[in-house]
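Please read the structure below before turning to the comments.
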Amino acid sequence: MEHTPGPVARRLFDLVEPIGLLPFVVDDPNEELMALGMRNYWDGYFAARAAPLGLVPAEVVHAVFYNFADGEVARHLPWVWGVTTPAAAIAARDRGCVRALRRLLGDAAEGPDVARAAALLVRAATSAPTSGRPMYAGLRTLPVPTDTLHLLWHAAMLLREHRGDGHVAALVTVGIGGAEAYMLHAMSEGTPPKSFGRVHHLPGAHLDAVLDGLRGRGLADDGGRLTAAGAALEQEVEDRTDELAAPPYDALDDAELAELVRCLESFVPAVRAAGLPG
């Protein structure tokens with residue numbers, strides 16, 4: 001059944017993203033990955049997230065992940081594959097995320113809303129075409145779990161990477177690189193663009209060049225603020241990302257989508273309590 005792409009994808013993104021972001025905001029998956037021999041958080045990040053791609057060179061992961069500076073991936077790959085395997089890294093991240101979900105949800109973890117949400121979400125998450133979506137395609141090769149919380153996490157991870165593949169495509173279409181995307185997002189939130197997220201540690205000359213490029217395109221002003229053209233371009237990318245993220249939800253009819261939203265709304269606030277956006 002067809003649905004209006006934007007609203008469906010945006011509403012479900014707001015409810016699924018807190019689950020998909022668990023590896024980046026709770027300690028459990030990082031602890032599991034450190035136990036495999038990782039030296040730091042970023043070793044674990046690259047090992048677990050890149051694992052579905054297999055033992056590919058750092059250059060391939062850099063291209064697929066899109067938003068890391070030159071050389072950042074190579075500081076961790078292939079080193080991590082000398083101490084663990086892709087299968088072990090995925091299993092470690094899964095264990096940590098499932099443990100975190102069980103702790104955050106408490107008694108609700110065994111409730112009917114979580115079970116129903118997991119069943120509906122995984123049906124959507126395993127229904128979309130994989131063409132042109134390398135991260136999503138890699139995850140689709142993994143076995144579908146049977147445990148309810150593992151299933152919920154697996155579905156959220158699939159949908160997050162499916163959306164991420166589409167977001168990269170939208171950025172490429174309008175000629176915005178990874179560092180530029182971070183700066184545009186920072187400016188849209190009123191944050192100094194050179195101090196945001198993954199770009200703040202990069203060399204000042206590099207950040208100045210990126211910002212100068214945005215100014216040259218009329219997307220940022222001399223004070224490092226988003227221009228009207230910059231805001232319009234960022235909205236264009238978000239709208240296109242929503243459109244590209246919609247296909248999984250075509251697997252559910254309107255009644256099932258409404259039920260999925262209701263179920264997620266009943267327990268996702270407890271996941272957001274971990275400090276996720278929302």
Side-chain angles (χ1 to χ4, degrees), residues 1-3 7-32 48-49 51-52 87 89-130 135-164 245-278:
M1 182 174 186
E2 294 187 0
H3 314 283
V8 169
R10 174 55 54 174
R11 183 69 187 112
L12 269 298
F13 169 72
D14 291 339
L15 289 168
V16 175
E17 182 73 348
I19 302 170
L21 281 176
L22 277 173
F24 317 123
V25 297
V26 295
D27 292 333
D28 308 69
N30 190 48
E31 291 169 354
E32 292 282 352
R49 190 169 175 227
I90 291 169
R93 184 171 71 168
D94 284 5
R95 283 194 304 272
C97 289
V98 171
R99 187 168 75 239
L101 276 173
R102 193 172 303 280
R103 182 181 70 254
L104 292 167
L105 295 180
D107 292 342
E110 307 301 328
D113 284 350
V114 171
R116 183 58 175 158
L120 290 171
L121 209 59
V122 83
R123 175 141 57 95
T126 56
S127 70
T130 58
M135 288 302 300
Y136 176 66
L139 287 173
R140 282 283 299 275
T141 67
L142 303 180
V144 176
T146 55
D147 172 77
T148 295
L149 290 184
H150 197 175
L151 191 66
L152 180 67
W153 152 248
H154 182 74
M157 178 174 55
L158 278 166
L159 290 165
R160 186 170 199 274
E161 294 291 16
H162 178 276
R163 183 184 179 89
Y249 301 109
D250 289 339
L252 306 178
D253 63 30
D254 289 340
E256 290 170 325
L257 280 170
E259 184 181 14
L260 175 59
V261 168
R262 180 194 64 76
C263 290
L264 290 169
E265 286 178 336
S266 75
F267 64 82
V268 166
V271 180
R272 288 198 183 107
L276 278 66

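All values below were derived from every heavy atom in this structure, side-chain atoms included, with hydrogens, water molecules and symmetry-related copies excluded.
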CZ of R163 to CD of E17, rounded to nearest 0.5 Å, is 7.5 Å

Is the shortest heavy-atom distance from the side chain of D28 to the side chain of R103 under 4.5 Å? yes

Atom OG1 of T146 and atom NE2 of H154: how far apart are they, to the nearest 0.5 Å? 11.5 Å

Has the side chain of R140 got a donor or acceptor atom that lies under 3.5 Å from a matching backbone atom of A128? yes

Backbone N/O of L260 and side chain of R116: donor-acceptor pair under 3.5 Å: no

Any chance you could measure Y136, atom OH, to T141, atom OG1, to the nearest 0.5 Å? 11.5 Å

Determine whether F267 and L264 make a side-chain contact, defined as any pair of heavy atoms from C-beta on separated by less than 4.5 Å. yes

For G20 and W153, the nearest pair of non-hydrogen atoms, with its separation, is O-CZ3, 3.8 Å

Is there a side-chain contact between L21 and R160 (heavy atoms, below 4.5 Å)? yes

Looking at every heavy atom in both P248 and A124, which two are closest together, and how far apart are they? CB-O, 3.2 Å

From D147 atom CG to D94 atom CG, the distance as rounded to the nearest 0.5 Å: 10.5 Å

For residues S266 and C263, report the shortest heavy-atom separation together with the two atoms involved. OG-O, 2.6 Å

Scanning both residues in full, the closest heavy-atom pair of A251 with E256 reads O-OE1, 4.2 Å

Criterion side-chain contact (heavy atoms from CB on, under 4.5 Å) on R272 and L15, from CA distance to verdict: CA-CA 10 Å; R272 288 198 183 107; L15 289 168; 4.3 Å; yes

Nearest atoms (heavy-atom pairs only) where A156 meets I19: CB-CG2, 3.5 Å

Side chain proximity check, L101 to V114, heavy atoms < 4.5 angstrom: no

Working for side-chain contact (heavy atoms from CB on, under 4.5 Å), residues L104 and L22: CA-CA 11 Å; L104 292 167; L22 277 173; 3.9 Å; yes

How many angstroms lie between atom CD1 of I90 and atom CG of L139, to the nearest 0.5 angstrom? 7.0 Å

Expected output: side-chain E110 to main-chain D107 donor-acceptor under 3.5 Å: no

Atom pair CG (L105) and OG1 (T148), whose distance is rounded to the nearest 0.5 Å: 11.5 Å

Exercise: identify the closest heavy-atom pair between R93 and R49: NH1-CA, 3.9 Å

